[in-house]
Amino acid sequence: MVESHIAKTLEDALKTLNSGKFRIVAGGTDMLIQNRSHTGMPIGYKDNVVYINLINELDYIKEDEDNVYIGATTRLETILKSENAPKILKNIIHEMAGPGIRHTATLAGNIANASPAGDSLVGLYVLDASIKCQSVDNTRIVKIKDFIQGVRKIDLKSNEMITEVMIPKYDFSRFVFKKVAPRLSDAISKLSFVGAIRIEDNEVKDLRMALGAVYMTVLRKEDIESKYIGQSIGELKNNIELIIEDYNSFIKPIDDQRSNKEYRKQVALNLIKDFIMKS
Ligand SMILES: Cc1cc2nc3c(=O)[nH]c(=O)nc-3n(C[C@H](O)[C@H](O)[C@H](O)COP(=O)(O)OP(=O)(O)OC[C@H]3O[C@@H](n4cnc5c(N)ncnc54)[C@H](O)[C@@H]3O)c2cc1C
């Protein structure tokens with residue numbers, strides 16, 4: 001028989017995770033779908049579960065001079081309404097699910113679910129977010145690009161949980177988020193894109209682009225981005241065909257029920273081109 005435990009404090013959750021094999025349920029919006037019964041029977045979790053969504057001490061958005069810190073039980077809707085959450089992230093969350101799901105779902109849950117189509121991830125990759133993982137006897141901080149290791153694969157031990165998402169503050173001259181989906185809300189992305197650029201005195205000082213659902217994890221190529229930093233904006237635009245060529249071989253989407261690989265690849269390249277040419 002599976003055991004379920006409702007943790008009210010972080011200490012309680014960490015002790016529970018340390019006492020045996022437990023799955024974590026935060027908002028449950030992915031967990032309920034993944035464990036739904038197709039025979040009309042109630043949800044059937046196969047493993048023990050620890051519910052963490054009542055842990056108030058992890059429900060916060062704080063900031064200091066350098067970073068914004070979002071606790072693991074903070075709901076997407078809270079982030080959307082917050083004044084100090086990064087604008088890129090708020091734009092993304094605005095297009096995630098609908099209000100009902102956003103009032104329940106967490107950012108940490110979207111990260112831990114590690115879907116290539118997880119919308120917040122493109123923004124968090126571009127913003128160089130880090131994930132705080134805690135167990136009863138250890139705390140470590142991992143960059144999101146290292147934390148997510150593949151489709152639904154994350155760098156998290158069985159006795160650990162995400163307690164916080166740390167997002168450095170950046171100033172960009174321009175950023176865009178594009179979600180390609182069949183309708184405006186309550187739709188999983190066919191693919192997604194975030195581009196961010198900082199231009200000073202006509203020179204590219206910072207350039208970042210990330211694509212979702214075109215590879216096993218979010219695709220961000222810092223080595224390609226850095227080639228174009230220091231160029232004038234005119235030079236950057238003149239190099240558009242080279243930039244497209246740079247990304248072409250790394251974009252490796254799959255066919256699934258939402259789209260096919262040819263469409264995903266072409267639209268991904270179009271989004272890169274559109275972002276650069278309108279910068
Ligand atoms: C109708 C609907 C629409 C949706 N639309 C979108 C959309 O537009 N874009 C999108 O990206 N997603 C969407 N989703 C998916 C889902 O809502 C998000 O991924 C959400 O952010 C998950 O958060 P949660 O708190 O509900 O996670 P849960 O379902 O509770 O957990 C998800 C996974 O994360 C793990 N987990 C949760 N919290 C922690 C933690 N603190 N530490 C370690 N592991 C943890 C769980 O064990 C589980 O593996 C949608 C879902 C539904 C049902």
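As the structure lists them, so they are numbered: ligands from 1, and atoms in each ligand from 1. Just the heavy atoms: all of them, side chains too, but no hydrogens, waters or symmetry mates, feed the values below.
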Short list, please: which atoms of ligand 1 are under 4.0 Å from a heavy atom of [X]?
| X | value |
| --- | --- |
| Val25 | 30 (O) |
| Gly27 | 24 (P), 25 (O), 26 (O), 30 (O) |
| Asn110 | 10 (C), 11 (O), 12 (N), 18 (C), 19 (O), 21 (O), 22 (C), 23 (O) |
| Ile52 | 41 (N) |
| Ile188 | 5 (N), 6 (C), 13 (C) |
| Met31 | 28 (P), 29 (O), 31 (O), 48 (C) |
| Ala112 | 34 (O), 35 (C), 36 (N), 44 (N), 45 (C) |
| Met161 | 42 (N) |

Do [X] and [Y] have side-chain heavy atoms sitting under 4.5 Å apart?
| X | Y | result |
| --- | --- | --- |
| Phe193 | Lys179 | no |
| Val176 | Met209 | no |
| Phe147 | Ile111 | yes |
| Val165 | Tyr69 | no |

Please confirm whether [X] comes within less than 3.5 Å of ligand 1 when only nitrogen or oxygen atoms on both sides are compared.
| X | value |
| --- | --- |
| Thr104 | no |
| Ala26 | yes |
| Ala72 | no |
| Gly118 | no |
| Ile24 | yes |
| Thr106 | yes |
| Leu156 | no |
| Gln34 | no |

In this structure, are over 12 heavy atoms from other groups packed under 6.0 Å from Glu65 atom CD?
->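 At most 12 heavy atoms, drawn from other residues, nucleotides or ligands, come within 6.0 Å of this atom.
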Would the number of heavy atoms belonging to other residues, nucleotides or ligands and lying under 6.0 Å from CD of Gln149 be above 12?
->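 Check passes, neighbour count above 12.
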Are [X] and [Y] ion-paired here, with the side-chain N under 4.0 Å from a carboxylate O?
| X | Y | value |
| --- | --- | --- |
| Lys273 | Glu241 | yes |
| Asp64 | Lys62 | no |
| Lys261 | Asp256 | no |

Return yes when Ala187 approaches ligand 1 closer than 4.0 angstrom through a heavy atom, no otherwise.
->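 The answer is yes: ligand 1 sits under 4.0 Å from a heavy atom of Ala187.
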Does at least one non-hydrogen atom of Arg75 fall below 4.0 angstrom from an atom of ligand 1?
->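 For ligand 1, residue contact (heavy atoms, under 4.0 Å) with Arg75 is absent.
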Protein residue, atom and distance nearest to [atom], heavy-atom basis:
| atom | result |
| --- | --- |
| atom 49 (O) of ligand 1 | Arg23 NH2, 3.1 Å |
| atom 52 (C) of ligand 1 | Ile101 CD1, 3.9 Å |
| atom 28 (P) of ligand 1 | Gly28 N, 3.5 Å |
| atom 4 (C) of ligand 1 | Ala97 CB, 3.6 Å |
| atom 22 (C) of ligand 1 | Asp30 OD2, 3.2 Å |
| atom 1 (C) of ligand 1 | Asp186 OD1, 3.7 Å |
| atom 26 (O) of ligand 1 | Thr29 OG1, 2.6 Å |

Which pairs, with at least one residue in residues 22-35 and sequence neighbours excluded, count as a salt bridge (charged side-chain N to carboxylate O under 4.0 Å, His left out)?
->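 Sorted pair list comes back empty.
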Of the side chain and backbone of Glu160, name the one, both, or neither that has a heavy atom under 4.0 Å from an atom of ligand 1.
->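 Within the 4.0 Å criterion, Glu160 makes no contact with ligand 1.
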For ligand 1, which part of Leu32 has a heavy atom less than 4.0 Å away: the side chain, the backbone, both, or neither?
->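 It is neither part, as no heavy atom is under 4.0 Å.
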Minimum non-hydrogen distance to atom 33 (C) of ligand 1, winning option of Ala105, Gly100, Ala117, Gly109 =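 It is Gly109 that holds the nearest heavy atom.
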Can you figure out which of Leu121, Val49, Ile162, Asp119 has its heavy atom closest to atom 41 (N) of ligand 1?
->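 Comparing heavy atoms across Leu121, Val49, Ile162, Asp119, the nearest one to atom 41 (N) of ligand 1 lies in Ile162.
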Return all side-chain donor-acceptor pairs below 3.5 angstrom for residues 50-60, not counting sequence neighbours, or 'none' if the list is empty.
residue, atom, partner, partner atom, Å
Glu57, OE2, Leu10, N, 3.0
Tyr60, OH, Glu164, OE2, 2.5

Asn159 side chain to Asn18 backbone, donor-acceptor under 3.5 Å =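 Here the side-chain-to-backbone pair does not exist.
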Can Asn138 and Gln134 be counted as having a side-chain donor-acceptor contact under 3.5 angstrom?
->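 Side-chain D/A pair, Asn138 to Gln134: absent.
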Would you kindly say whether Gln231 and Asn238 are connected by a side-chain donor-acceptor distance under 3.5 Å?
->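 No, because no side-chain N or O of Gln231 sits under 3.5 Å from a partner of the opposite role on Asn238.
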Is Lys87 close enough and on-axis enough to Phe175, meaning under 6.0 Å and within 45°, for cation-pi?
->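 Here Lys87 fails the 6.0 Å and 45° test against Phe175.
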hydrophobic_cluster_shared for Leu107 and Ile61, side chain cutoff 4.5 Å |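 Yes.
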Closest heavy-atom contact between Ile154 and Ala112?
->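 Distance-wise, the nearest heavy atoms are CD1-O, 3.8 Å.
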